[in-house]
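Inspection log for the structure reproduced underneath, given as structure tokens.
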Amino acid sequence: MKNNEIENRINQSFSKITPNVIDSVLADCENGKQIIMVEEKKIINKPILALAMTFVLMFVGVFAIQNYKTNYAVASVVALDVNPSIEIKVNEKEVVLDVEAKNEDAEIVIGEMDFKGNNLDVTVNALIGSMLRNGYINELANSILISVDSKNTDKAVVIQEKLTEEVTTLLKTDTFEGSVMSQNISSNNELQELANKYNITVGKVQLINKIIEKKPQYTFDELVPLSINELNLLLNSQGTSLDDVTSTGTASDKKYIGEEEAKRIAFKHAKISENLIDEVDMSIDYEDESLVYEIEFILNDIKYSYSINAVNGKLEKFESKEIIKEDINEAIITEKNYLTKEEIIKLISTHLCTHHDNLTSLNMHLGHCSDISADVYDVEFMVENTKYSYRINATTGEILCADSKIRGEIHHDEGNHHKYIDKQQIISIMCEHFKLDSISLPSLKVNRGNNEKANLYEIECIIGNTRYMLSMDAITGEILEGSSEVLDVNSDNNGNKVTFDEKAILNKLLTELNITEDMIKSLKIKPKYQNKELIFVVDFEYNEQKYCYHINAMTGEITIIKSNNDQPVVTTKSNVNQGNNNIHHTEKHNESNHHSNNKKN
């Protein structure tokens, strides 16, 4: 069929289905007829429309929520701890939403910088740079802790590894290299409460808790004032590794006398040459609010043990004892008829009136005591916050000596296995012994004992111009030794003797500062001579801040006030009565002094 024929047939088909009405329409128009156009109405299905709108709204809502989660919700929290403690909150894109200073040092580091909207790595770079410029990280203290808290564990690991690498690179300076500790954390209410209480990050709280798990001889209150570098030194020196905490580099000890100097001091005291010693065990420990070098070595079957202050090289503790070289094993115990380990533990538990399960961190060594020509067990262990050292005859079980050292505050808990006599009982015992009226004992010193008593209170106070000293059993109150001495104190210009004793100094100070004794803690009042005058040194804590007042015992004049950074805040001869609200005044002065002190350290 040809193309023309096909086209004709198509036209004919369309003509049949499409009527030709053009002529009739034109005729109607000429006759004036109105033509009505009827529009066919479309029927709208309302349920389908509603469903469609619902889907649209759901899509918009999901988009809005996703947009908020991505751009405005906190996805991760990164904490930086040195001594400054800073928290950085970021979204899923690692864009900074907020940077929070947890303490005053952190406020200096942040300064006027506004990090909102910046990337996380840019913010961390800027903060590390500020810490270096302000002297918080230097060759004397080179350690930093990075902690990442995120619900997305995989994301937290990625951030941790990335920041560790970046900060490690940043701390490779011309003069020193940094040490970076890092960890993933999972915050909870308990950790957050501790962080808020001590103005640190949750990351530092978790690190301290992990250290205590490995080293139960420490307490949280003991470790919280330490910088990250000091905590790092404790871990590195003692070879302690913490679960889920990574570390690069080595903590700096240049602030301290160093291991070689500590060994030299020990060998000099022992009057022996270092080349005679095959092996020296050394570690850094924390005792009595100071870092110390613990040194042990053996020469001619004598074991020497030293504890030397890491800052000033002062000899804090020394012990030497004969030892036997045999290991403690069942064969030796059986052969020599020694008490077994189980029998020793039972003996100690009975002596302390406590269950054997309460004895933790137990170390037991066999040695020889030349004084009694007998083999002995030297036993060390912890019961709650108290460290004990026992020496026991290995054959007879006789307790030759028992020392105790309470770490932190003394708490007289009714549920405690040791029912220590309390402060009021001590006062009553002293008054009866020395024939005194009521006295004040704000300072209670607890030292190791050197006798068979496991707990010993060493007490000292000054009343008028007399110093009273007493040693008593902390459980029974038995007086082991007591003495008093009249102080040779200068008179003032009017020839008057000391007019302020401990009680008077405390009462006057509390009154003038408008606070009460129950508002402060860790109160200590110690006498000392300064330029031939008796001075009372009053230490206490108030509102998370430490204070130290030096007050003249004759005139009541304040000679110096110190803050917790050990820097003078006021150096004046102003009288105590000028100290109204001085604590609050001191806190303001403290900021600048505290900041400058941290730069130096």
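Bear in mind that the values here come from a model prediction, so they are computed numbers and not experimental data. We number each residue from 1, following the sequence as shown.
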TODO: May I have the step-by-step check of side chain to side chain contact (heavy atoms under 4.5 Å, CB included) for His355 and Ser349, ending in yes or no?
DONE: CA-CA 6 Å; His355 193 273; Ser349 301; over 6 Å; no
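- Neither side chain, Thr201 nor Ser85, offers a donor N or O lying under 3.5 Å from an acceptor on the other.
- Residues Val167 and Val180 approach most closely at CG1-CG2, 3.9 Å, considering heavy atoms.
- Using cut-offs of 30° and 60° on the angle between ring planes, the pair Phe540 and Tyr549 is parallel.
- A donor-acceptor pair shorter than 3.5 Å cannot be found between the side chains of Asn363 and Glu380.
- For the atom pair NE2 of His356 and CG of Leu359, the computed distance is 9.5 Å after rounding to the nearest 0.5 Å.
- The closest side-chain heavy-atom distance from Ile211 to Leu242 is below 4.5 Å.
- Between Tyr198 and Phe220, the angle of the ring planes lies from 30° to 60°, which puts this pair in the tilted group.
- Checked against Val109 for a side chain to side chain contact (heavy atoms under 4.5 Å, CB included), the options Leu132, Leu127, Asn103, Leu80 give a single hit: Leu127.
- Ion pair Arg264/Glu261 flagged as a salt bridge, since at least one NZ, NE, NH1 or NH2 atom sits closer than 4.0 Å to an Asp/Glu carboxylate oxygen.
- Atom CG in Leu170 sits 9.0 Å away from atom OG1 in Thr168 (nearest 0.5 Å).
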TODO: Kindly determine whether Asn196 and Gln192 satisfy side-chain hydrogen bond (donor to acceptor under 3.5 Å, both in side chains), including the steps that lead there.
DONE: CA-CA 6 Å; Asn196 294 338; Gln192 192 62 58; 3.2 Å; yes
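- The heavy-atom pair separating Thr246 from Gln160 by the smallest distance is OG1-NE2, 3.6 Å.
- A donor-acceptor distance shorter than 3.5 angstrom exists from the side chain of Ser227 to the backbone of Glu230, with no hydrogens or angles considered.
- Under the 3.5 Å distance criterion, the side-chain polar atoms of Tyr293 are matched with a main-chain donor or acceptor of Gly258.
- Minimum interatomic distance between Met382 and Pro216 (heavy atoms only, all atoms of both residues): CE-O, 3.9 Å.
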Task: Val74 vs Leu97, side chain to side chain contact (heavy atoms under 4.5 Å, CB included): CA-CA, chis, key distance, verdict - done: CA-CA 7 Å; Val74 176; Leu97 302 175; 3.9 Å; yes
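- Nearest heavy atoms, Ser247 versus Met181: OG-CG, 4.1 Å.
- For the pair Leu223 and Leu234, the minimum side-chain heavy-atom distance is below 4.5 Å.
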Open item on the list: Between Asn309 and Glu316, is the side-chain hydrogen bond (donor to acceptor under 3.5 Å, both in side chains) condition met? List the steps.
Closed with: CA-CA 6 Å; Asn309 191 290; Glu316 302 286 355; 3.2 Å; yes
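- Within 6.0 Å of CG in Asp281 there are more than 12 heavy atoms belonging to other residues, nucleotides or ligands.
- The 12-atom threshold is exceeded at CD of Glu319, counting heavy atoms of other residues, nucleotides or ligands nearer than 6.0 Å.
- For the atom pair OG1 of Thr360 and CD of Gln217, the computed distance is 9.0 Å after rounding to the nearest 0.5 Å.
- The shortest side-chain heavy-atom distance between Asp285 and Tyr218 falls under the 4.5 Å cut-off.
- Val379 has its side chain within reach of Ile348: a pair of non-hydrogen atoms, C-beta onward, lies under 4.5 Å apart.
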TODO: Apply side chain to side chain contact (heavy atoms under 4.5 Å, CB included) to the pair Leu231 and Leu207, showing each step before the final yes or no.
DONE: CA-CA 9 Å; Leu231 294 174; Leu207 179 70; 4.1 Å; yes
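- Residue Glu92 holds its CD atom at 9.0 Å from OG of Ser150, rounded to the nearest 0.5 Å.
- With ring centers used as reference points, Tyr390 lies 6.0 Å or more from Tyr377.
- Summarising the geometry of Ile108 relative to Ser130, their closest heavy-atom pair is O-OG, 4.3 Å, with the distance given to 0.1 Å.
- In terms of modelled atom types and a separation under 3.5 Å, the side chain of Asn125 and the main chain of Asp121 share a donor-acceptor contact.
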Open item on the list: Apply side-chain hydrogen bond (donor to acceptor under 3.5 Å, both in side chains) to residues Asn312 and Tyr256 and explain how you reach the verdict.
Closed with: CA-CA 8 Å; Asn312 55 35; Tyr256 308 102; over 6 Å; no
Task: Pair Ile137-Met131, side chain to side chain contact (heavy atoms under 4.5 Å, CB included): steps then yes or no - done: CA-CA 6 Å; Ile137 303 178; Met131 288 183 185; 3.8 Å; yes
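- Residues Val245 and Lys210 have side chains in contact (heavy-atom distance under 4.5 Å, counting atoms from C-beta outward).
- Here the straight-line distance linking atom NZ of Lys89 with atom CG of Leu120 works out to 14.5 Å at 0.5 Å rounding.
- Between Ile159 and Asn184 the shortest side-chain heavy-atom distance does not fall below 4.5 Å.
- Distance alone, capped at 3.5 Å, places no donor-acceptor pair between the Lys204 side chain and the Ala195 backbone.
- Between the side chains of Thr250 and Ser179, no donor N or O sits under 3.5 Å from an acceptor N or O.
- One side chain, Asp518 or Thr516, offers a donor N or O that lies under 3.5 Å from an acceptor on the other.
- Between Tyr306 and Phe297, the angle of the ring planes stays under 30°, which puts this pair in the parallel group of the 30/60° scheme.
- Using a 4.5 Å heavy-atom cutoff, the side chains of Ile345 and Leu362 are in contact.
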TODO: Just do the salt bridge (charged side-chain N to carboxylate O under 4.0 Å, His left out) check on Glu222 and Lys215 with the steps written out, would you?
DONE: CA-CA 12 Å; Glu222 278 183 315; Lys215 300 288 183 180; over 6 Å; no
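- Salt-bridge annotation for Lys155 and Glu94: present, with a side-chain N of the basic residue lying under 4.0 Å from a carboxylate O of the acidic one.
- At least one side-chain heavy atom of Asn119 sits less than 4.5 Å from a side-chain heavy atom of Val95.
- Ser252 contributes a side-chain N or O that, together with a main-chain N or O of Glu139, makes up a donor-acceptor pair within less than 3.5 Å.
- Distance alone, capped at 3.5 Å, places no donor-acceptor pair between the Asn134 side chain and the Tyr136 backbone.
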TODO: Take Ser283 and Glu294, measure what side-chain hydrogen bond (donor to acceptor under 3.5 Å, both in side chains) needs, and give me the verdict at the end.
DONE: CA-CA 5 Å; Ser283 64; Glu294 297 285 359; over 6 Å; no
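- Between the OG atom in Ser186 and the CG atom in Asp149 there is a gap of 6.0 Å [rounded to 0.5 Å].
- Across all non-hydrogen atoms, the minimal contact from Ile228 to Asp81 is CG1-O, 3.3 Å.
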